[in-house]
Protein chains: 2
Amino acid sequence: MHIKRPEKTSPECIPNLLALRDSLELLGGKWKLLIVLHISCRPKELQHFKKLEKEITGISAKMLAKELKTLEENKIVTRTIQNTRPVTVTYALTAYGESLIPIARDLQQWGLNHRKIIKEK
Amino acid sequence: MHIKRPEKTSPECIPNLLALRDSLELLGGKWKLLIVLHISCRPKELQHFKKLEKEITGISAKMLAKELKTLEENKIVTRTIQNTRPVTVTYALTAYGESLIPIARDLQQWGLNHRKIIKEK
DNA sequence: ATGCATAGTTACCTCCAAGTAAGTAGTTAC
DNA sequence: GTAACTACTTACTTGGAGGTAACTATGCAT
């Protein structure tokens with residue numbers, strides 16, 4: 001999907017504030033994109049709550065549960081209760097949620113590069 | 001620049017937490033990407049402080065100054081004092097700062113689309 | 001000397017994202 | 001009956017992002 005970039009100084013160039021704000025409000029927190037990326041690393045329906053809690057260093061059960069709930073409400077992940085003993089719950093990205101992967105990877109790559117740039121001070 | 005996406009479940013797929021965290025810490029706030037996008041809409045060296053303050057609805061002088069300072073420290077924008085009366089200050093994206101434009105636009109586009117998805121509930 | 005412009009700064013306040021720690025609930029295993 | 005597993009939930013707390021409003025500095029105009 002190629003997005004046409006408006007020309008500089010053209011009237012339509014003035015950014016749509018609300019759209020970017022919406023994204024930042026939903027995704028700008030500390031954990032959501034991290035969670036998305038971690039789920040994306042497993043085949044569908046194979047990412048368990050406990051596994052995420054262990055893999056994502058520093059996250060607490062409370063935050064993970066809260067963030068996953070928000071992601072589910074926003075149709076980015078699905079939550080499936082499995083018939084195992086003890087009960088397990090798996091999380092998977094929706095097709096729509098997968099549209100976040102390139103964005104998250106770009107940000108990740110940018111952050112990786114940024115370390116170098118800043119160290120070169 | 002095409003970034004190779006690691007295969008699912010491969011060991012290197014486990015996301016580099018720190019890189020994404022760095023990006024989110026720097027750019028995840030309410031204003032920085034908005035400012036970047038607004039500056040990108042003007043030819044180099046033509047974006048004044050007051051202009052940004054007026055264009056970016058809701059931002060205060062304090063926040064704008066603070067965010068611009070952080071962006072400057074991170075080599076994303078340059079600050080130039082102009083010999084006008086009264087003195088004006090212009091901000092411009094560095095070449096490096098421009099690497100954020102596609103990311104900001106993608107997020108913006110994603111937010112625009114997200115509104116539709118969520119309204120379709 | 002008062003007002004207006006640009007480009008901030010300073011002091012104070014508020015709220016919430018995020019952290020910590022402990023508890024709940026269902027089930028199995030011994 | 002108690003320990004252990006998964007998947008949360010609840011109560012309490014705190015740092016800092018962000019908001020508001022007033023103030024500073026400099027120069028020009030009238």
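Note that the structure is predicted; figures quoted are calculated from it, not measured.
- Considering only residues two or more places apart in sequence or on other chains, A/His114 meets the side chain to side chain donor-acceptor pair (under 3.5 Å) condition with B/Asn74, B/Tyr96.
- The pair A/Arg79-A/Glu73 does not meet the salt-bridge criterion, since no charged nitrogen lies less than 4.0 angstrom from a carboxylate oxygen.
- Scanning both residues, B/Gly29 and A/Leu24, for their nearest heavy atoms gives O-CD1, 3.8 Å.
- Each of A/Met63 and A/Arg85 was assigned the nucleotide of DNA chain C with the nearest heavy atom; the assignment lying further toward the 5' end belongs to A/Met63.
- In the region residues 26-36 of chain B, proximity to DNA chain C at under 4.0 angstrom, judged on heavy atoms, holds for none of the residues.
- Here C/dT14 sits opposite D/dA17 as a Watson-Crick or G-U wobble pair (both hydrogen-bonding atom distances under 3.5 Å).
- A donor-acceptor pair shorter than 3.5 Å cannot be found between the side chains of A/Thr90 and A/Gln47.
- Separating the CD atom of A/Glu25 from the P atom of D/dG18 is a distance of 11 Å, rounded to the nearest angstrom.
- Distance CD1 (B/Ile59) to P (D/dA17): 14 Å, rounded to an integer number of Å.
- Salt-bridge check for A/Lys50 with A/Glu53: passed, with a basic side-chain N closer than 4.0 Å to an acidic carboxylate O.
- The separation between B/Ile81 atom CD1 and D/dG27 atom P is 13 Å, rounded to whole Å.
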Using the 3.5 Å cut-off, write out each protein N or O paired with an N or O of nucleotides 4-12 of chain C and the distance between them.
from, atom 1, to, atom 2, distance (Å)
C/dT6, O3', B/Val87, O, 3.3
C/dA7, OP1, B/Val89, N, 2.5
C/dA7, OP2, B/Lys50, N, 3.1
C/dG8, OP1, B/Arg79, NE, 3.3
C/dG8, OP1, B/Arg79, NH2, 2.6
C/dG8, OP2, B/Tyr91, OH, 2.7

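- Taking 4.5 Å as the limit, every side-chain heavy atom of A/Leu100 sits out of range of all side-chain heavy atoms of A/Leu37.
- If you take CG of B/Leu64 and P of D/dG19, they are 12 Å apart, rounded to a whole angstrom.
- By the 4.5 Å heavy-atom criterion applied to side chains, B/Pro102 and B/Arg105 are not counted as neighbours.
- Between A/Ile39 and A/Leu68 the shortest side-chain heavy-atom distance falls below 4.5 Å.
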